Peer 1: 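Here it is: the structure, laid out below.
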Amino acid sequence: MTTRTPRRREDDLFIASPAHERTPASVREQVDPEQTPESLEAYRRCTLWHDATQAVPGAGSTHATLMLVGEQPGDQEDQASRPFVGPAGALLDTVLAEAGIERKAVYVTNAVKHFKWELRGKRRLHKTPAQREVEACSYWLERELAKVRPKVVVALGATALQAVLRDPKARLAAHRDRVTHIGDLTVVATWHPSYVLRAPSAQARKTALAQMIAALLRAHALTGQS
Ligand code: URA
């Protein structure tokens with residue numbers, strides 16, 4: 001069993017009762033936005049927000065037993081402030097449909113909440129987040145985990161896996177299609193949808209897609225609700 005830094009009790013309390021719900025209107029203005037995860041002004045624990053349009057928090061059912069974690073928002077997610085709404089999201093929707101999972105029944109988020117990019121011509125191209133940026137954003141991922149309390153987390157790609165396990169050395173090759181238990185959480189790791197989209201051949205794409213569907217089926221079965 002992998003060990004993982006336990007969540008702090010005060011974090012659980014905080015997320016169970018968001019500041020805007022438990023704070024009287026008269027003192028709401030005094031609430032530090034950094035301490036209010038619901039606010040898009042939050043998620044600023046590193047400098048990535050400077051170049052992003054806005055934060056992209058997680059979305060979906062806060063009662064979900066299954067949580068999907070990606071790497072970071074892409075160009076379209078950055079503009080919509082919703083996770084997985086671009087090409088990678090379309091692939092993810094296909095995988096969910098093939099696995100018989102309703103997207104609205106799951107909670108979808110990213111390890112990093114702002115789009116990191118570099119300009120190539122007129123296009124903003126994805127840049128992999130640095131370890132320090134993943135670590136900075138783990139503050140928010142922990143709160144999402146504490147709020148939703150999923151039974152099973154699907155890590156989509158290596159960055160998500162490292163964030164969920166809180167282990168920068170975790171490798172997808174070692175965890176993919178294997179079930180990992182960390183505390184009361186079950187983690188299934190699989191390809192990131194962009195990996196499937198970029199597969200070098202139709203056959204490689206078909207294989208990776210089938211592996212992703214199998215991982216989602218397995219994760220869904222592990223929730224006990226399939
Ligand atoms: N890739 C991700 O990892 N997350 C998104 O939300 C979109 C693309």
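Whatever order the structure lists them in is the order used to number ligands and atoms, beginning at 1. Quick caveat: nothing in here was measured; it's all calculated off a predicted structure. Just so you know, residue 1 is the first one in the sequence shown, and it goes up from there.
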Peer 1: Could you list which atoms of ligand 1 come closer than 4.0 Å to a heavy atom of H192?
Peer 2: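 Under 4.0 Å from H192, ligand 1 has these atoms: 1 (N), 2 (C), 3 (O).
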Peer 1: Is the terminal nitrogen or CZ of R198 (NZ for Lys, CZ for Arg) located under 6.0 angstrom from the six-membered ring centre of Y195 and within 45° of that ring's axis?
Peer 2: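 Verdict for Y195: no cation-pi partner in R198.
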Peer 1: Show which atoms of ligand 1 fall inside a sub-4.0 Å distance from at least one heavy-atom site of G70.
Peer 2: 3 (O)
Peer 1: What do we get for Q72 next to ligand 1 when only non-hydrogen atoms under 4.0 Å count, side chain, backbone, both or neither?
Peer 2: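 It is the backbone that touches ligand 1; the side chain stays farther off.
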Peer 1: Between K127 and E118 (side chain of the first, backbone of the second, donor and acceptor by atom type, cut-off under 3.5 Å), is there such a pair?
Peer 2: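 Absent.
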Peer 1: Please state which part of E77 comes within less than 4.0 Å of ligand 1, counting heavy atoms only: side chain, backbone, both or neither.
Peer 2: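 Looking at E77 and ligand 1, just side chain atoms fall under 4.0 Å.
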Peer 1: Keeping E142 on the side-chain end and Y139 on the backbone end, is there a donor-acceptor pair under 3.5 Å?
Peer 2: no
Peer 1: Considering only heavy atoms of E71, which atoms of ligand 1 have at least one such atom less than 4.0 Å away?
Peer 2: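 Under 4.0 Å from E71, ligand 1 has these atoms: 2 (C), 3 (O).
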Peer 1: Okay, side chain of E77, backbone of G74: is any donor-acceptor separation there less than 3.5 Å?
Peer 2: yes
Peer 1: Among all protein heavy atoms, pick the one closest to atom 4 (N) of ligand 1 and tell me residue, atom and distance.
Peer 2: N110 OD1, 2.7 Å
Peer 1: Quick one: does any side-chain atom of Q72 pair with a main-chain N or O of N110 as donor and acceptor, under 3.5 Å?
Peer 2: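 No, the answer is negative, given that no donor and acceptor are paired below the 3.5 Å cut-off.
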